[in-house]
Amino acid sequence: MSSSSAALQERSGAARETPVLVVDDLRTQIHTPHGDVQAVDGISFTLGRGETLGVVGESGSGKSVLGRTIMGLYTTGPTMTVTGRVLIAGKDVHALSASELRELWGGDVGMVFQDPMTALNPVKKVGVHLTESLRKRRGMNRPQAKARAAELLALVGIPEPRRRLDQYPHELSGGMRQRVVIAMALANEPALLIADEPTTALDVTVQRQILDLLARLQDELGMAIMLISHNLGVVAGRADRVAVMYAGRVVETADAAALFDAPHHPYTEALLEAIPRLHQPPHVRLAAIDGAPPNMVAPPVGCRFAPRCRYAQPDCTEAPPSLDPAMANGVVTPGHSFACYHPVNAGGQ
Amino acid sequence: MSEMTQVSTPPAYGQAVDAAVAPAPMQDPRRSRSLWAGVVLTALGIVTVAIGVAGLRGANGWLQLAVVVAGLALTHVGAGRLLRHRFGAGFDLTSWLSAIWLVLLVLAALLAPVLPLGEHEDIASTLSAPVFARPDLLSEYPLGTNNFGLDLLARVLYGARASLVVALGAVAMGLVIGAALGIVSGFFRKTTDAVIGIFTNSLLAVPPLILLIALATVLEPSLRNLAFALSLLALPSIVRMARASTLTFVQREFVLAARAMGASRLRIMTRELLPNVMLPLLSYAMVMISVLIVAEASLSFLGLGIQPPDPSWGNMIAEGEGNAFEEHPHIVLVPGVVLFLTVFSLNLLGEKARKRFDPRQAKL
């Protein structure tokens with residue numbers, strides 16, 4: 001366990017051609033009346049074309065702030081300070097002017113929001129939601145934009161798209177609305193789609209349809225997806241790589257299969273154990289992680305998970321562990337890193 | 001059993017009753033009794049009104065008024081029962097009457113120049129007309145005449161033109177400016193919000209009537225200036241409402257979604273926020289119109305609004321000063337009742353609209 005801290009970034013960056021998204025030592029500090037909160041604390045990764053990164057963590061771990069900081073929706077201002085670099089399709093998001101940023105949002109990057117009930121304007125027709133940006137960005141006229149909007153609705157699997165264009169959001173079901181939100185994000189064929197808990201507000205069968213839809217669209221359009229979720233089950237099988245976040249930091253990242261197979265960080269292990277399973281005998285107490293995420297105004301010194309960790313040792317509270325590559329039998333496992341002094345499932349160490 | 005026979009026997013009331021009862025012969029006895037009460041009350045009311053208008057033509061005016069009012073009240077109760085029987089228990093006769101009153105008033109005000117009305121402002125042409133004629137619906141002057149022999153019906157309708165134009169104009173101005181200021185201050189917060197807040201709070205701090213009197217002394221008393229002065233009265237509350245609902249809507253995800261799609265701030269304010277903010281404002285505007293009609297009447301009453309030979313409800317009421325009201329009460333009662341009915345109708349309907357569109361009571 002003695003290797004460079006930027007190992008993660010180097011390895012995954014080398015994997016494919018020009019990456020769609022490069023995040024380098026990103027830090028977002030939110031100023032609150034109670035003190036400064038380090039919501040995102042030194043995160044680095046890259047994402048190539050057609051790749052999916054799953055970002056997992058419990059509420060308050062900084063996932064959504066990470067997503068919005070990458071979008072450039074959160075920038076340095078009176079309420080927060082952002083440092084580090086984000087490159088989307090080669091453009092430094094936090095160095096762009098306001099109008100260049102709007103250009104980027106309409107084009108290179110799209111975002112899908114958590115709650116389709118509030119992500120659509122209740123007094124605007126579905127068609128208007130879609131055609132507005134098409135007419136503005138692409139200079140389409142009204143019938144062209146309408147035709148394209150109908151195409152987009154068909155693309156996201158909405159039946160009778162022509163008729164839906166003239167309906168209001170409240171006339172659609174939750175799943176349909178989320179499809180509309182996805183269609184909006186796809187309107188200008190973005191290279192990167194940030195999906196911030198896209199299925200949390202939906203019931204399970206619809207969740208699956210939406211995730212299948214995202215996977216199909218990724219195949220067809222070749223975009224990179226950053227899939228943010230608090231649910232490991234949502235990310236499993238959908239993401240190529242998974243990053244587990246805790247208290248603003250990535251505590252473990254690996255190829256999805258490797259992570260689910262042999263998690264090294266106790267937090268990942270605990271999250272996996274907390275997934276309820278159908279084959280469990282009935283009336284068994286569900287596994288949970290004791291305690292709550294730390295107060296981020298004054299996070300614990302050392303490993304931030306230590307106070308809740310069942311394997312914690314005295315050295316865990318002295319200095320924060322760095323994100324180092326995993327070793328198996330003395331050989332570095334490619335793509336797998338974790339930040340822990342006392343990892344689980346670490347056979348050869 | 002007795003009710004059944006009762007329903008089928010009297011032939012005097014004709015087919016209308018039969019048609020109402022026929023589709024459901026096994027009626028709840030209480031319902032058909034209420035129907036009968038409705039028919040009787042309505043008939044009694046209409047007869048009483050007729051007696052009041054025609055039968056007591058020469059009698060004491062107060063007695064005549066009392067009889068007509070009693071007749072109208074009876075008709076209202078009876079007709080309410082009949083219509084509830086016909087259209088179900090949810091039928092609200094008073095709201096319908098309010099709407100009908102407003103529609104008639106607006107139509108009559110619009111068409112006043114082409115209606116066969118008496119003279120409303122030219123004193124020279126009414127030299128031979130009776131002065132202080134009592135209201136008599138069957139005479140040439142249905143609502144009577146004033147001290148110059150001018151026809152009160154005509155004056156009330158021309159006065160409605162002034163009142164409605166001023167109130168509607170003021171509310172329209174208030175809505176446009178108030179919604180814009182409210183959305184801007186709710187959207188940008190910080191300094192913008194503080195500046196607009198100081199402006200609205202200082203408007204609120206001045207007593208409204210004193211503000212109006214001050215403005216009326218400075219400005220020429222024209223319809224446009226009156227509307228402007230009254231819009232200042234409506235402005236602070238509209239700004240506050242617009243700001244408050246902007247604050248709630250700006251946190252919704254669709255605003256963030258619009259930003260994430262590259263919408264500019266102006267676009268977010270006009271396309272995302274304005275339609276949402278406007279809905280509660282419009283229902284509030286209805287109540288505001290009635291407040292401003294009263295405010296305009298107060299100004300004209302004080303002689304600061306519309307200037308006398310031009311009629312307005314306020315300056316018509318002011319004509320009752322001195323002994324005129326004691327000797328000829330209709331001079332004050334006619335414009336007063338019209339003002340009352342208009343304000344009452346607007347409030348009733350505005351309250352209904354508010355209940356329907358209030359975001360706090362909206363069923364999501």
Side-chain angles (χ1 to χ4, degrees), chain A residues 64 67-68 70-74 77-79 96 98-125 128-138 168-170 177 180-188 190 193-194 196-197 201, chain B residues 175 179 182-183 185-195 241-242 244-285 353-354 356-364:
Chain A
S64 292
R68 288 173 189 191
I70 289 174
M71 273 294 273
L73 289 168
Y74 289 175
T79 53
L96 295 177
S99 63
E100 286 169 330
L101 204 54
R102 282 207 297 275
E103 205 71 21
L104 177 86
W105 285 335
D108 292 321
V109 55
M111 192 159 190
V112 177
F113 293 89
Q114 175 172 358
D115 189 354
M117 307 294 159
T118 60
L120 296 174
N121 190 337
V123 297
K124 266 166 52 177
K125 287 180 179 170
V128 179
H129 280 96
L130 289 161
T131 52
E132 264 187 342
S133 90
L134 288 172
R135 291 175 61 193
K136 201 158 172 260
R137 297 259 164 250
R138 300 265 178 112
Y168 285 96
H170 72 264
R177 276 185 247 185
V180 173
V181 173
I182 293 173
M184 281 166 68
L186 295 178
N188 292 307
L193 185 72
I194 298 179
D196 187 358
E197 308 238 10
Chain B
L175 270 185
I183 291 175
S185 81
F187 185 78
F188 288 109
R189 308 295 308 272
K190 301 187 191 122
T191 323
T192 324
D193 194 15
V195 170
M241 271 187 82
S245 47
T246 303
L247 287 180
T248 62
F249 282 114
V250 89
Q251 289 174 0
R252 297 273 192 99
E253 235 162 20
F254 65 78
V255 174
L256 193 65
R259 274 188 68 198
M261 288 182 70
S264 64
R265 288 190 290 198
L266 181 68
R267 199 176 184 80
I268 289 177
M269 281 189 279
T270 53
R271 292 301 199 79
E272 306 289 334
L273 294 173
L274 182 66
N276 281 300
V277 170
M278 218 50 200
L279 216 57
L281 278 191
L282 282 179
S283 48
Y284 176 68
R354 195 191 62 75
R356 186 146 177 196
F357 295 117
D358 193 331
R360 278 162 298 183
Q361 296 178 17
K363 295 177 191 86
L364 289 172

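Every chain is numbered from 1 and lettered A, B, ... according to where its sequence line falls, protein lines coming before strand lines. None of the values given here were measured: they were computed from a predicted structure.
Neither the backbone nor the side chain of A/Met117 comes within less than 4.5 Å of any heavy atom in chain B. Interface residue A/His129: only backbone heavy atoms are found under 4.5 Å from chain B. Using a 4.5 Å cut-off between heavy atoms, A/Glu132 touches chain B through backbone and side chain atoms alike. There is no contact between B/Ala258 and chain A, counting heavy-atom distances below 4.5 Å. There is no contact between A/Pro190 and chain B, counting heavy-atom distances below 4.5 Å. Using a 4.5 Å cut-off between heavy atoms, A/Leu73 touches chain B through backbone and side chain atoms alike.
Residues A/Ala187 and A/Ser133 approach most closely at CB-OG, 4.1 Å, considering heavy atoms. When all heavy atoms of A/Leu101 and A/Leu96 are compared, the closest pair comes out as CD1-CD1, 3.9 Å. Listed here is the closest heavy atom pair of A/Arg68 and A/Phe113: NH2-CD2, 4.2 Å. Of all heavy-atom pairs between A/Gly72 and A/Trp105, the closest is O-CZ2, 3.4 Å. Counting all heavy atoms, side chain and backbone alike, B/Phe254 lies closest to B/Glu272 at CD1-OE1, 3.5 Å.
At a threshold of 4.5 Å between non-hydrogen side-chain atoms, the residues A/Leu193 and A/Met111 do not count as touching. Residues B/Arg252 and B/Asn276 have side chains not in contact (no heavy-atom distance under 4.5 Å, counting atoms from C-beta outward).
Applying the side chain to side chain contact (heavy atoms under 4.5 Å, CB included) rule to B/Ser264 yields the partners A/Arg102, B/Leu266, B/Arg267; only residues at least two apart in sequence or on another chain are considered. By the salt bridge (Lys or Arg N to Asp or Glu O under 4.0 Å) test, A/Glu100 is found to be paired with no residue, residues two or more places apart in sequence or in another chain being considered. Considering only residues two or more places apart in sequence or on other chains, A/Asp108 meets the salt bridge (Lys or Arg N to Asp or Glu O under 4.0 Å) condition with A/Lys91.
Contacts from residues 185-192 of chain B to chain A, taken as heavy-atom pairs separated by less than 4.5 Å, involve B/Lys190 in sequence order.
Of the listed residues (A/Asp115, A/Val123, A/Asn121), the greatest number of heavy-atom pairs within a distance under 4.5 Å of chain B belongs to A/Asn121. The choice from B/Ala260, B/Ala257, B/Ala263 that makes the most heavy-atom pairs within less than 4.5 Å of chain A is B/Ala260.
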